[in-house]
Amino acid sequence: MDNLQKFIHQVRSRLFLVLFVNNALIFADWWVMEKVIGTDPMRLVISMVVVTALSLTLLPWLSATYLAQPTKLIWQAILHIAPDTANVPAPNLKKRTIGHDLVMNLVSHVYQLASVVDSIEKTEASKPRDLTADFVGNSLPLPLFVLDKSENILFANRAASEYVKRANSDLTGQNVYSVLDMSFGTDETFDKWLAKAKANAAVENKTWERVRLKVPIDGSQRQFDLAAYFNAENPEGFETMLVLFDHTQKYNQDDQGLSFIALAVHELRTPVTLLRGYIDAFEEDLEGRLNPELTDYLHKMNVAAEGLTAFINNMLQVSRVENDQLTLSLHEDQWPEIVKTAVADFSLRAKVQGITIEAMIAKDLPTVGVDRVSIYEVICNLLDNAIKYSGGSKKIIIKSALNSEGLVETTVQDFGAGIPEGIIGNLFDKYYRSHRSRSQVGGTGLGLYLCKAIVDAHGGHIWVRSKEGEGSTFGFTISPYAKLADEKKNGDNNDITRGAHGWIKNHSLYSR
Ligand code: ADP
């Protein structure tokens, strides 16, 4: 208040001075004109009017600028700290002005206030937002988990807490792995994906299908698809988001359907094996004694029985894949032997259709680490398709060689109708069959799906190249045994744990 009083006093004295100067000027003018010059009354009046007008214009103008100086400095200080006028310089407070002490005092208050506001804003910004209050994710009808940098749950929406049957307050702060069973096997498990995303420090997202989760509270088994989003830069620390799409009912129905088919198919296995045995016996015993027509019938019976066996094997394998029960035991094996056996087993079937299978196997291939029965099925499925879709062409070429990555690559090439480019991406999907195949050739749409599952489980890669009208080449890679053995040595247990599709439970490696 002292400063204000001092300022009022200064203003008062300045105003007094201005008024005094004004009156003094008018008086001096009168005195000079009347007493010194002795002018006539008319001139005297004119001179006094002019002097009065001049002093009334100049003096308020000069004094207003002077008296407004403190306001100007305070105004400049406010503009200097205001957020959207950052280029206004700070006022020079050393300059002597009227109300100097008051200005110093007020400006220092303004600066103090600004620093308090700034620190409050900073504290607010660093505080994690309370998501539970009004976050839109609460209305999402799908379970949603938001994780922080340490993979602890920052927020679980209502659907999430109902899903895992735990109160929301109980979930917050828990590590996600203690709430959700994320140990599902897959090409890339959730934790591996997250570690990679963190290493890249980028924005990433990924989805998983058919993830199984045991709800710890009641032990029930759920099946869902999972979508995850990662953003290291999230300013509020919401680094990872997980959304669960529950398909338990649908997936369980699929599983039950397949279990039933698997059961029925399993029952077919014994009679078909018996039939094949009898056909083989007939072929051996009657060789040379049947006329060409009957020999041809016998061949066709044999081919049909082989086809049926392949179908049964496929169905059983698919049901194992679906039930998480496909077990691979990788053994050291000679790849040319396996390829040659498959080619020999298919030569009759090919011959019946007038097709020859040409095998080109590179010499000195290293031994491979494979599950013989399963990988043999891959070759059989590819050869079977090449025959089925050969469309009247007469040759199939199967080649095996080491590729540039040191993997054993095997290709099966046909010169049939080929595959339209638009559907190539779907071929390895379960039950996928092209429209044309559906109407012209029998099949289940499971062969390539199974091939991919088996090749993936071996840690290999399966691909297709095709041109309509020119034919198709299907290829896959498998690892030399030495490479797998290295992997095993570096692993922390005896099994090769590299996942394939989430369904390979047991993946062990044996040397010969
Ligand atoms: P299926 O042969 O029982 O239909 P697959 O999974 O083996 O099932 O094959 C899926 C689809 O891929 C087939 O229906 C066919 O349309 C296409 N396909 C597979 N192999 C070939 C091939 N060699 N040439 C042309 N089309 C093929």
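Nothing here was measured: the structure is a model prediction, and the numbers come from that model. Both backbone and side-chain heavy atoms feed into the values below; hydrogens, waters and symmetry mates do not. Numbering of ligands and ligand atoms starts at 1, following listing order.
Not one N or O of Leu427 is nearer than 3.5 Å to an N or O of ligand 1, by distance alone.
When the shell of 6.0 Å around OH of Tyr278 is examined, it contains 12 or fewer heavy atoms from other residues, nucleotides or ligands. Dense packing is recorded around CZ of Phe245, with more than 12 heavy atoms of other residues, nucleotides or ligands lying under 6.0 Å away. Around NZ of Lys149, the count of heavy atoms belonging to other residues, nucleotides or ligands within 6.0 Å exceeds 12.
Short contacts between ligand 1 and Leu446, defined as distances under 4.0 Å to a heavy atom of the residue, involve ligand atoms 6 (O), 8 (O). The atoms of ligand 1 that sit less than 4.0 Å from any heavy atom of Lys388 are 1 (P), 2 (O), 3 (O).
Residue Ile423 does not touch ligand 1, judged by heavy-atom distances below 4.0 Å. With a 4.0 Å heavy-atom cut-off, ligand 1 is reached by the backbone of Leu448 and by its side chain too.
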*Carefully, step by step, assess Asp345 and Tyr376 under the rule side-chain hydrogen bond (donor to acceptor under 3.5 Å, both in side chains).*
CA-CA 11 Å; Asp345 289 349; Tyr376 169 82; 2.4 Å; yes
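Between atom 7 (O) of ligand 1 and the options Asn385, Asp414, Leu382, the minimum heavy-atom separation is to Asn385. Taking each of Phe474, Tyr389, Phe415 in turn, the one with a heavy atom nearest to atom 13 (C) of ligand 1 proves to be Tyr389.
Take Lys198 and apply the salt bridge (charged side-chain N to carboxylate O under 4.0 Å, His left out) test, not counting sequence neighbours, and it matches Glu151, Glu239. Not counting sequence neighbours, Lys467 has no partner by the side chain to side chain donor-acceptor pair (under 3.5 Å) test.
Using a 4.5 Å heavy-atom cutoff, the side chains of Phe190 and Leu242 are in contact.
At least one heavy atom of Ser472 sits less than 4.0 Å from an atom of ligand 1. Residue-ligand proximity: Asn381 is placed with every non-hydrogen atom at 4.0 Å or more from ligand 1.
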